[in-house]
Amino acid sequence: MQATIVEAVKDALHTEMAADDDVVVFGEDVAESGGVFRATDGLLEEFGEDRVVDTPLSEIAIVGAATGLAMYGYRPVAEIQFSGFLPPAFDQLVTNASRIRWRTRGALSAPMVVRMPYGAGVRALEHHSESMEGAYAHIPGLKVVAPSTPHDTKGLLLASIRDPDPVLFMEPKRIYRSFRDDVPEEDYEVPLGEAAVRREGSDLTVVSWGSMMPPTLDAADEADADVEVIDLRTISPMDTETVVESVKKTGRAVVVHEGPRSHGVGGDIVAHINDEALMYLEAPVERVTGFDTPVPLLSMEDYYFPHPPRILDAIEDALSV
Amino acid sequence: MSENEPTEHPANATVSAGEPRFLTQDDLSVDTHQVVAPDGSYDADEVPDLDDEQFQDLYRWMLTDRVFSKRMVNIQRRGELGTFGSTRGQEASIIGSAYTLQPDDWLYVGRAWTPMFMRGVPMKDMIMFWRGIEEGQQSFAEHNCQIAISIGSHLPLVAGLAWGMDLSGDDAIATAYLGDGATSTGAAHEAINFAGALEVPALFYCQNNQYAISLSAEEQTGANTLAQKALAYGMDAIRVDGQDVLAVYEAVNEARKRVRNGEPVFVESVTYRMDAHTTSDDPTRYRSDEEVDAWEDADPLERYREFLRAEGLWDDIDHDAIEAEIDAEFDAALEEANAFEERGVEEIFAHVYAELPPDLQRQSEEFSDLLERRPELYDYIEQRPKG
Amino acid sequence: MHRAIGDRTFADTAMDEATARDVFRDMVLAREFDERALSLQRRGWMPGYPPFKGQEGSQVGAAYAMTGDDWLFPTYRSNAMQLARGVPASDILLFRRGFAEYHSDHDVPVFPMAIPIASQIPHAVGAGMAMNYEGDDDAVVCYFGDGATSEGDFHEAANFAGVFDAPVVFFCENNNWAISLPREQQTASDSIAVKAEAYGFEGVQVDGNDPVAVYETVGDALEDARGGDPVLVESLTYRQGAHTTSDDPERYRPEDEDLPEWRTADPLDRFESYLREQDVVDDEFVEDCWADAEAELEAAIDEAEANSVPDPEDVFDHLYEDLPPRLQDQKAWLMEYLEDHDPQEMEF
């Protein structure tokens with residue numbers, strides 16, 4: 001079937017709720033209203049009010065109760081309405097969800113998913129546009145996933161719900177509905193921790209993920225060179241092998257992400273390239289990122305966002321050395 | 001009254017005209033449930049329905065709690081433990097409540113160690129926990145319990161565990177032990193409200209031991225009691241004399257029944273932390289000797305002994321022999337804990353995820369390799385099997 | 001629950017006639033603002049808007065109980081309060097278009113509107129504590145909704161206020177809906193007001209569609225707060241519109257609410273009838289209010305449009321007092337980049 005990313009989310013939830021009675025979906029406005037982005041639309045009617053639950057406005061309790069349910073044997077899929085509202089629950093991710101397995105030497109675990117739309121570009125109000133994957137990927141014991149296509153969204157979400165560890169599933173809301181692609185009706189998984197090569201090329205490697213994939217691919221198409229584009233798909237654990245092998249082949253690299261430049265995932269990717277492919281490099285690795293500022297209010301978002309010309313600029317810089 | 005009568009909707013109260021009338025805690029009267037008075041007197045008709053063996057059992061566990069705390073503080077002073085939080089003074093509060101719990105119930109504690117033993121956890125695992133050895137928590141988990149370190153952070157988990165029990169239709173409840181300080185955390189608030197709104201079988205057992213490290217309960221909140229906080233969640237609460245093991249047992253036993261029926265309950269047990277917050281803390285900096293002495297006089301074991309004597313049960317209890325048995329159990333547990341072998345460096349990496357991701361695998365291997373190449377690194381590494 | 005309209009003659013209330021006319025005038029302005037904002041949003045002038053229709057009486061009544069130096073901590077839903085306190089409509093409109101909300105550089109004691117639910121409540125208490133340190137006789141009114149009471153921020157802040165005797169009125173507008181969640185699913189407690197018992201201070205319910213009752217109640221509460229006794233006021237009103245223009249309440253809201261008629265009725269009509277009946281306003285005054293409101297909004301929209309000019313330096317300015325070197329580099333890069341690139345090219 002042809003589906004958008006948000007429809008793929010819904011399809012994955014539907015698929016897994018039908019397959020596994022232990023899957024419970026909850027959060028703010030997910031049941032009666034079907035979610036503010038309609039990602040959970042229809043689940044209440046199909047699976048009933050025990051398994052699709054509107055909760056009070058309590059992010060700490062949403063993430064914490066998901067952890068408790070998971071410890072008890074359920075497969076909770078909790079929704080945080082916007083990524084800007086996860087920070088109050090950061091403590092639950094750090095203190096409990098990510099380390100219950102470790103502190104009990106495997107006697108307990110928290111196989112749970114926290115889904116949330118992330119990123120700028122939908123002209124939303126302040127605090128609705130953050131890309132903080134770098135902060136979350138910094139939590140040992142947590143997995144962080146960011147799909148960029150409807151096909152991957154379904155497969156990655158199914159894999160995330162079935163994963164034995166807690167997964168923060170960051171949905172690129174800027175491209176929630178911007179295109180459709182072929183999403184198989186059947187059950188399938190896209191494994192966590194495996195990047196995808198979206199475009200093969202021999203001159204330069206661009207690494208990105210999530211909502212930055214479309215502008216990255218546009219820039220690659222426009223470049224006067226043979227550009228390889230890698231979609232990381234899982235931020236943590238990261239598939240560094242695919243990145244390193246590609247850079248060994250091309251000798252040049254650009255990393256593109258939406259979150260702030262410093263102390264972020266981009267710097268980590270550059271470090272991996274330095275560790276394992278330094279001698280193959282023919283130019284410094286470029287980063288195209290958001291600035292080290294909050295996401296500007298919507299009138300100025302466009303100055304912040306790495307649009308294709310900025311990516312192209314960096315590609316040309318990397319090729320010019 | 002206006003022409004628009006309010007409906008039965010709970011959000012619409014009766015209309016009042018004139019000066020605005022404010023709800024105030026001065027209008028609340030919160031009783032403290034008690035069975036045995038501080039002087040040892042009691043009404044025989046009000047004693048909970050337990051048999052002689054159970055009455056003796058309660059004493060044994062209270063004594064276990066006291067001896068365990070004493071021994072742990074001692075070995076800490078000898079340098080055989082990093083730190084420890086003593087429960088002296090809270091024995092009735094801890095044992096009376098935990099005695100009501102069933103094996104399938106979940107228990108997430110702060111400052112209550114003997115309940116783990118009551119559930120079958122070997123004493124050595126508690127010693128190991130305090131020595132910073134994760135196998136302790138592993139053992140607790142096998143008996144449906146955990147210790148929370150971060151204050152209040154476990155309450156949302158308990159709401160989730162209770163939710164799971166509700167969904168499964170299991171004959172069990174999830175219990176959070178918390179302190180007076182935890183009631184001020186946002187996590188506690190969200191979790192208790194959540195449990196109330198979703199009607200899950202959660203029991204919130206708050207031991208008001210008067211101190212959150214150095215902050216007294218009066219400075220913790222403007223509320224006269226912690227029990228009244230339950231009104232904010234539409235939940236029933238009971239305040240109980242935490243120095244009276246029978247009152248605690250009775251209150252929590254009744255609370256547990258209500259919780260099983262889908263009505264979460266909040267219990268405030270009024271007790272006192274006789275010792276320091278942990279062995280690193282010096283309570284003389286923030287509380288007076290007179291205050292401490294007054295609570296010494298409210299010793300829960302002594303009060304219970306009065307009851308046992310009056311019931312004629314004391315003669316069958318050989319206090320010294322029980323104490324010697326507990327001491328021997330502790331000695332054996334300590335020996336076992338001491339025998340715990342040093343762990344390999346790979347243990348740091350184990351159990352971070354179900355399956356070790358490649359990068360982490362690499363970090364583990366590189367570190368092992370480094371240790372092999374530069375054994376002098378071991379000069380900087382002190383495994384602390386004794387905490 | 002406290003009420004004036006329908007229960008007492010105007011002379012028996014704590015409000016004087018001049019104040020009543022001002023309150024009415026500002027309720028009309030608020031209604032005009034809300035309606036104009038909705039229609040501006042529909043034609044793409046701004047991306048989204050959270051209407052407050054139905055809550056004007058509650059908000060304006062509360063605002064008028066405040067005195068000159070009292071601070072207001074508002075949210076995205078409390079725009080009638082900001083307007084009544086004197087924040088220019090153009091500032092609020094500019095914020096809706098994605099600009100900082102301090103264009104006019106006004107000196108009204110109002111914080112920026114909070115977006116994440118309940119995040120302003122700890123700040124309000126901190127400001128109250130500061131007033132205690134200063135020895136001021138000022139107080140704080142902290143606005144929030146029924147949903148906010150489930151957040152940890154509310155709890156920690158309210159408890160702080162009780163412990164530190166902060167001069168704060170916690171003004172909870174219970175409009176019965178937190179997006180799609182009705183009040184009775186938000187918490188099992190009998191009322192929001194009763195939550196004050198958890199913090200050892202007083203709570204009170206008021207008919208939020210009765211601006212006179214709200215004025216009286218918040219006025220009393222402010223007096224208590226100045227004396228070191230914080231108060232939780234639950235103002236019972238109703239969100240007549242959607243959560244925001246992106247929301248469709250038909251998906252979750254029953255056609256027949258289990259609420260009394262006064263709760264869901266129009267507070268502006270109710271207040272107008274009361275004031276006419278009590279001979280406080282007449283046709284001419286009411287017509288003037290509407291004409292003035294229309295003119296004021298017209299001017300505010302013009303002002304906002306004239307100032308809707310993005311300045312890329314704003315992305316970096318005011319993040320720190322002194323921009324750190326890395327950010328100076330990033331700013332320089334962007335300014336240079338923009339010299340060679342058409343800013344139009346950067347739009348989505």
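In what follows, chains are A, B, ... by sequence order, proteins preceding strands, each numbered from 1. Hydrogens, waters and symmetry mates play no part in the numbers below; they use all other heavy atoms, side chains included.
Neither the backbone nor the side chain of B:Thr225 comes within less than 4.5 Å of any heavy atom of chain C. The contact between B:Leu28 and chain C is made entirely by side chain atoms (from C-beta outward), counting heavy-atom distances below 4.5 Å. Looking at C:Phe154, the atoms closer than 4.5 Å to chain B (heavy atoms on both sides) all sit in the side chain, from C-beta outward. The parts of C:Ala221 that come within reach of chain B are both its backbone and its side chain, each placing non-hydrogen atoms under 4.5 angstrom from that chain.
A pairwise comparison of heavy atoms in C:Gln186 and B:Asn193 identifies O-ND2, 3.0 Å as the closest pair. The shortest heavy-atom contact between C:Thr217 and B:Phe22 is O-CZ, 4.1 Å. Nearest heavy-atom pair, C:Ser189 versus B:Ala232, reported as atom, atom and distance to 0.1 Å: CB-O, 3.3 Å. When every heavy atom of B:His189 is checked against every heavy atom of C:Glu151, the shortest pair comes out as CD2-O, 3.3 Å. The two residues B:Ala197 and C:Ala188 come nearest to each other via the heavy atoms N-CB, 4.2 Å.
Between the CG atom in C:Asp153 and the CD atom in B:Glu190 there is a gap of 8.0 Å [rounded to 0.5 Å].
Residues C:Glu234 and B:Leu23 have side chains not in contact (no heavy-atom distance under 4.5 Å, counting atoms from C-beta outward). At a threshold of 4.5 Å between non-hydrogen side-chain atoms, the residues B:Lys229 and C:Glu197 do not count as touching. Side-chain contact between C:Glu156 and B:Thr185 is present, with heavy atoms from C-beta onward closer than 4.5 Å.
For residues 215-224 of chain B, heavy-atom neighbours of chain C at less than 4.5 Å comprise B:Glu219, B:Gln220, B:Thr221, B:Gly222, B:Ala223, sorted by residue number.
Note: C:His155 and B:Tyr233 have tilted aromatic rings, judged against thresholds of 30 and 60 degrees for the angle between ring planes.
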